[in-house]
Amino acid sequence: MQRLPGFRDFYPEPLPNTDVWSADARQHIFDRWRKTARSYGFREYDGPPLETLDLYTVKSGEEIVGQLYNFIDKGDRGVSLRPEMTPTLARMVGTHERNYKKPIKWFALPQLFRYEKQQKGRLREHFQLNADILGEAGPPVDAELIALLIDTLRSLGLTQEDFFVRLSSRHAWHEFFASKCQDSSRELAFYQVIDKLERETPEQNQEKLAALGFSLAEVQQFITEGKPTPELAAILENLGARGLGEYVRVDYSIIRGLAYYTGVVFEAFDRKGMFRAIAGGGRYDHLVELITGGKVKITAAGFGMGDVVLTELLKERGKLPAFDAGVEVFCLIEDESLRSQSLRWVQEWREAGLVTDYAMAPLKSDKQFKRALDAHALFTAKLEKNEGGELMIRLKRLQDRQEQVVKPEAVAGVVRATS
RNA sequence: GUGGCCAUAGCUCAAUGGUAGAGCUCCAGAUUGUGGUUCUGGUUGUUGCGGGUUCGAUCCCCGUUGGCCACCCCA
């Protein structure tokens with residue numbers, strides 16, 4: 001039996017080869033995601049991985065179905081594995097919005113799915129940090145989200161040398177569009193041309209823009225000038241005050257493909273340009289209203305950061321530490337008559353919070369010692385009796401083989417103090 | 001969804017139109033005994049799957065599945 005295409009197994013380290021996904025690295029990333037989001041006062045939420053298909057077609061239209069991992073369930077319902085978290089969040093907030101004080105600052109670490117042929121940086125499943133702020137709007141809110149994005153990447157060891165955030169706004173593009181074209185029904189089509197600008201040839205772009213009444217030259221000039229709107233200037237100032245100004249620059253070539261963004265949009269990229277976008281987000285002030293059928297109107301903005309590109313980037317930059325079981329004490333049981341006593345102290349040490357392991361079946365002493373070495377244990381602990389018949393622990397620090405004999409109840413303290 | 005490349009032991013790879021080997025890992029034993037060394041022995045493959053050509057295919061051909069990469073698309 002093999003796993004489904006585009007899905008991943010996660011193994012503990014050391015890994016059999018470099019193509020296998022590390023459960024330890026994943027946990028490391030999750031830890032930093034959670035820790036950083038919480039440090040910003042965000043609260044964690046979650047929703048079901050399976051939703052009704054309507055939740056996504058309402059937002060994006062029927063054409064989205066081609067991208068979804070959807071099917072008919074046994075109750076004859078059209079369902080889909082969630083391709084993104086935002087509709088679920090909008091639904092959840094829409095349902096109980098009045099029970100939460102504003103602003104709502106929430107984050108989640110969902111596993112997301114899409115039915116697409118896999119390629120570099122893109123599988124059928126991935127994990128994503130989603131952070132959103134609802135019920136309060138304006139540059140300070142957008143800046144808070146961008147700062148969280150930056151600090152999350154910094155917490156993983158990435159620096160200004162590694163990544164930057166490209167900041168843009170649909171308000172800026174709206175003004176540009178409205179100054180040349182009064183037909184607002186064509187505005188979204190215009191955005192989609194802008195979104196693909198870097199991927200198409202100049203001839204194709206010229207042609208598409210001409211059809212909408214624009215010239216490629218004037219669009220390129222607008223991007224090149226990159227003159228911050230008052231809104232973006234306020235965000236830059238806000239981030240500058242935090243000492244994060246160097247991480248951000250205005251770049252109007254970013255507009256993002258999704259239809260529901262209404263204002264500020266941003267994406268994080270690695271500076272070497274080796275990978276896809278690391279993260280992206282923006283303001284979507286009308287989505288909750290759309291999802292709730294007009295019952296709830298609330299402003300919203302947020303971003304998502306996937307684990308696939310992030311892991312590739314961290315690997316490439318050597319920012320992933322080596323992981324092991326983190327054993328602090330390995331209890332050696334060389335005298336079987338002391339097994340019960342040993343188990344008692346293994347239990348005590350574990351309750352004291354020490355990562356403790358031992359050989360469950362009787363094993364020759366050198367084998368036990370080798371297991372301790374393989375586990376990279378900090379200490380071995382061996383029970384023995386002194387002349388007075390008192391039970392003592394022979395603690396050996398494996399780093400330098402220094403030994404000391406201490407009372408069992410002193411082990412935790414010694415390990416903590418010397419490790 | 002389209003196209004290109006690839007597919008041999010748990011891992012990294014080798015070999016040949018006549019039914020496959022090395023290193024590492026793993027397991028056992030010995031050695032070492034301030035122990036991570038060394039030695040010996042052992043397990044594992046329908047050579048991704050199905051079909052065809054051939055006296056005979058892992059090696060040639062077709063299909064299929066999976067992987068990698070690009071396109072499409074992009075949370």
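Distance from the side chain of Asp366(A) is smallest for rU31(B) among the nucleotides rU31(B), rG36(B), rG29(B). Listed nucleotides rA75(B), rG35(B), rC73(B) differ in distance to Tyr260(A); the shortest reach to its side chain belongs to rA75(B).
Heavy atoms of Gln128(A) sit nowhere under 4.0 angstrom from any nucleic acid atom.
Taking the centre of each ring, Tyr260(A) and His286(A) stay at or above the 6.0 Å mark. The aromatic ring centres of Phe42(A) and Phe107(A) sit 6.0 Å or more apart. Here Phe177(A) and Tyr191(A) keep their ring centres 6.0 angstrom or further from each other. The ring of Trp106(A) has its center closer than 6.0 angstrom to the ring center of Tyr100(A). Ring to ring, Phe379(A) and Phe330(A) are not that close: their centroids are 6.0 angstrom or more apart. Aromatic ring centres of Phe222(A) and Phe176(A) lie closer together than 6.0 Å.
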Give each protein N/O atom lying under 3.5 Å from an N/O atom of nucleotides 39-44 of chain B, with the pair distance.
none

N/O-N/O pairs, protein side and nucleotides 9-13 of chain B side, under 3.5 Å:
{"residue": "rC11(B)", "atom": "O3'", "partner": "Asn17(A)", "partner atom": "ND2", "Å": "3.4"}
{"residue": "rC11(B)", "atom": "O2'", "partner": "Pro16(A)", "partner atom": "O", "Å": "3.2"}

Atom pairs under 3.5 Å, N or O on each side, protein against nucleotides 67-70 of chain B: can you list them with distances?
{"residue": "rG67(B)", "atom": "OP1", "partner": "Gly6(A)", "partner atom": "N", "Å": "3.3"}
{"residue": "rG67(B)", "atom": "OP1", "partner": "Gln118(A)", "partner atom": "NE2", "Å": "2.5"}
{"residue": "rG67(B)", "atom": "OP2", "partner": "Gln118(A)", "partner atom": "NE2", "Å": "3.4"}
{"residue": "rC68(B)", "atom": "OP2", "partner": "Gln118(A)", "partner atom": "OE1", "Å": "3.0"}
{"residue": "rC68(B)", "atom": "OP2", "partner": "Gln118(A)", "partner atom": "NE2", "Å": "3.3"}
{"residue": "rC69(B)", "atom": "OP2", "partner": "Lys120(A)", "partner atom": "N", "Å": "3.2"}

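On a pure distance criterion of 3.5 Å, a polar donor-acceptor pair joins the side chain of Arg122(A) and the base of rC74(B). Side chain Arg114(A) to base rC73(B): no donor-acceptor pair is found below 3.5 Å.
For the pair Phe379(A) CZ and rG36(B) P, the interatomic distance rounds to 20 Å; values are reported in whole Å.
Toward the 5′ end of RNA chain B lies the nearest nucleotide of Leu332(A), the other residue of the pair Leu332(A) and His126(A) mapping further downstream.
No donor-acceptor distance shorter than 3.5 angstrom exists from the side chain of Gln128(A) to the backbone of Pro110(A), with no hydrogens or angles considered.
rC68(B) and rG4(B) make up a base pair, with Watson-Crick or G-U wobble contacts both under 3.5 Å. Pairing partner, rC27(B): rG41(B), with both Watson-Crick or wobble hydrogen-bond distances short of 3.5 Å. Across every strand in view, rU53(B) sits unpaired, with no contact that passes the Watson-Crick or G-U test at under 3.5 angstrom.
His171(A) and Glu231(A) form a side-chain donor-acceptor contact under 3.5 Å, judged by distance and modelled atom types alone.
Sparse packing is recorded around CD of Glu207(A), with 12 or fewer heavy atoms of other residues, nucleotides or ligands lying under 6.0 Å away. No more than 12 heavy-atom neighbours from other residues, nucleotides or ligands sit within 6.0 angstrom of OH on Tyr11(A).
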